[in-house]
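This chain uses plain numbering: 1 for the first residue, then up along the sequence. One-based numbering, in listed order, for ligands and for the atoms of each.
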Amino acid sequence: MDDKNISQAVVARLPRYYRYLGDLKDSGIERISSQDLSKLMQVTASQIRQDFNNFGGFGQQGYGYNVEYLYNEIAKILGLNEKHNLVIIGAGNLGQALANYVNFERRGFIVKGIFDKNPDMQGRELRGIAVQSVKNLERFVRENDIDIAVLTIPKDGALKMAETLVKCNIKAIWNFAHVDLNVPDSIVVENVHLSDSLMKLSYGIVNKKLNNSKDTE
Ligand code: NAI
């Protein structure tokens with residue numbers, strides 16, 4: 001399957017398809033038409049067909065989609081058929097919340113190590129994993145087949161940490177620090193800013209208010 005030219009917008013929609021198909025599969029549904037999937041997910045059937053056509057279609061005309069097959073194919077496209085070992089760097093509030101979220105493991109993301117620079121944190125256990133000194137990080141990443149580093153430290157230390165991660169050949173960084181990392185293109189970076197989402201929500205509230213006041217004018 002050649003997915004080199006798949007747009008980021010399509011890739012960004014795949015996890016949502018994956019979630020819905022997982023729920024359908026768990027409720028014992030074997031087939032679904034693009035129309036029914038469209039109603040369920042509140043996206044147009046043509047959008048669904050266009051998205052899936054990027055990967056060869058997945059469906060037979062008139063028969064709808066085989067839910068389990070589609071679920072497994074999307075999992076393969078997203079690389080979820082393989083396990084990904086990860087380390088969490090920064091064992092504060094956010095690092096702990098992520099470490100304690102068991103569903104990542106169900107998706108194949110396995111927390112192997114947790115690191116913090118604060119000696120008071122070191123030795124504490126989060127879900128049976130002892131927090132280690134960042135001094136051990138490079139060696140640990142090399143020796144434990146770690147793909148992903150989760151960066152939950154303040155932005156001050158994040159750039160330096162990214163340099164260290166480049167040195168130990170990390171494949172991907174899930175970056176929660178509020179700073180853009182300067183790493184080679186060979187490393188995949190996914191920036192997460194929960195506050196961006198909140199700001200979008202705020203925009204929605206403000207605009208609803210504006211529209212409502214226009215409606216009543
Ligand atoms: P926190 O203060 O509870 O934890 C930060 C931890 O990182 C501390 O244990 C500290 O010792 C450790 N640390 C600091 N520098 C380090 C370094 N260079 N190497 C290893 N460990 C280091 O903070 P919290 O609430 O967990 O947030 C962490 C960071 O994530 C904050 O900077 C915050 O701005 C950011 N954040 C980002 C969010 C997002 O959506 N992107 C959401 C919430 C927080």
Engineer: If the threshold is 4.0 Å, N to carboxylate O, is there a salt bridge linking K160 and E163?
Structural biologist: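 No, K160 and E163 are not salt-bridged.
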
Engineer: Could you pull out the closest heavy-atom pair between N118 and D120, with the gap in Å?
Structural biologist: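 Nearest heavy atoms, N118 then D120: OD1-N, 2.8 Å.
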
Engineer: What protein heavy atom lies closest to atom 28 (C) of ligand 1? Include the residue and the distance to one decimal.
Structural biologist: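 Among all protein heavy atoms, the one nearest atom 28 (C) of ligand 1 is T152 O, 3.5 Å.
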
Engineer: With a cut-off of 4.0 Å, which atoms of ligand 1 are near a heavy atom of L94?
Structural biologist: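 Checking each atom against L94, I get 24 (P), 26 (O), 30 (O), 36 (N), 37 (C), 38 (C), 42 (C), 43 (C), 44 (C).
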
Engineer: Are more than 12 heavy atoms from other residues, nucleotides or ligands located less than 6.0 Å from atom CD of Q8?
Structural biologist: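 Atom CD in Q8 is not crowded, with 12 or fewer foreign heavy atoms closer than 6.0 Å.
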
Engineer: Any nitrogen or oxygen of N93 lying under 3.5 Å from a nitrogen or oxygen in ligand 1? Just yes or no.
Structural biologist: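 Checking ligand 1 against N93, an N or O pair does fall under 3.5 Å apart.
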
Engineer: Return a yes/no value for V134: is any of its N or O atoms, backbone included, closer than 3.5 angstrom to an N or O of ligand 1?
Structural biologist: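 No.
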
Engineer: Going by atom type alone, with no hydrogens or angles, which donor-acceptor pairs under 3.5 Å involve a side-chain atom of residues 78-92 and a protein atom two or more places apart or on another chain?
Structural biologist:
residue, atom, partner, partner atom, Å
H84, ND1, D147, OD2, 2.9
H84, NE2, G79, O, 3.0
N85, ND2, N144, O, 3.4
N85, ND2, D145, O, 3.2

Engineer: Please work out which of H178, K160, K117 has its closest non-hydrogen atom nearest to atom 34 (O) of ligand 1.
Structural biologist: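 Closest candidate by heavy-atom distance is H178.
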
Engineer: Got a protein heavy atom sitting under 4.0 Å from atom 3 (O) of ligand 1?
Structural biologist: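 Protein heavy atoms within 4.0 Å of atom 3 (O) of ligand 1 - there is at least one.
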
Engineer: Counting heavy atoms only, which of P154, A91, G90 comes nearest to atom 14 (C) of ligand 1?
Structural biologist: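 Among P154, A91, G90, the closest heavy atom to atom 14 (C) of ligand 1 belongs to P154.
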
Engineer: If we set the cut-off at 4.0 Å for heavy atoms, which region of Q96 has an atom near ligand 1: side chain, backbone, both, or neither?
Structural biologist: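 Neither part.
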
Engineer: Indicate yes or no: does E105 engage R127 in a salt bridge with an N to O separation below 4.0 Å.
Structural biologist: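 Counted as a salt bridge, because a side-chain N and a carboxylate O are separated by less than 4.0 Å.
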
Engineer: Using heavy-atom distances, let me know which of V192, D120, I153, D116 sits nearest atom 29 (C) of ligand 1.
Structural biologist: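 Checking each option, the heavy atom nearest atom 29 (C) of ligand 1 is found in I153.
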
Engineer: Can you name the atoms of ligand 1, numbered from 1 with element, that are less than 4.0 Å from a heavy atom of L194?
Structural biologist: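 Result: 39 (C), 40 (O).
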
Engineer: What do you reckon, are the aromatic ring centroids of W174 and F109 less than 6.0 Å apart?
Structural biologist: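 No.
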
Engineer: To which residues is L201 joined in a hydrophobic cluster, defined by side-chain heavy-atom contacts under 4.5 Å among Ile, Leu, Val, Met, Phe, Trp and Tyr, whether direct or through other members?
Structural biologist: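 Besides L201, the hydrophobic cluster comprises L198, listed by chain and residue number.
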
Engineer: Identify, for atom 35 (C) of ligand 1, the protein heavy atom at the shortest distance, and state residue, atom and that distance.
Structural biologist: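 Ranking protein heavy atoms by distance from atom 35 (C) of ligand 1, first comes F176 O, 3.9 Å.
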
Engineer: Are Y71 and Y17 an aromatic pair, judged by ring center distance below 6.0 Å?
Structural biologist: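 Not close enough - the centres of the two rings lie 6.0 Å or further apart.
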
Engineer: Quick one: look at M161 and ligand 1, take heavy-atom pairs under 4.0 Å, and tell me if it's side chain, backbone, both or neither.
Structural biologist: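 Looking at M161 and ligand 1, just side chain atoms fall under 4.0 Å.
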
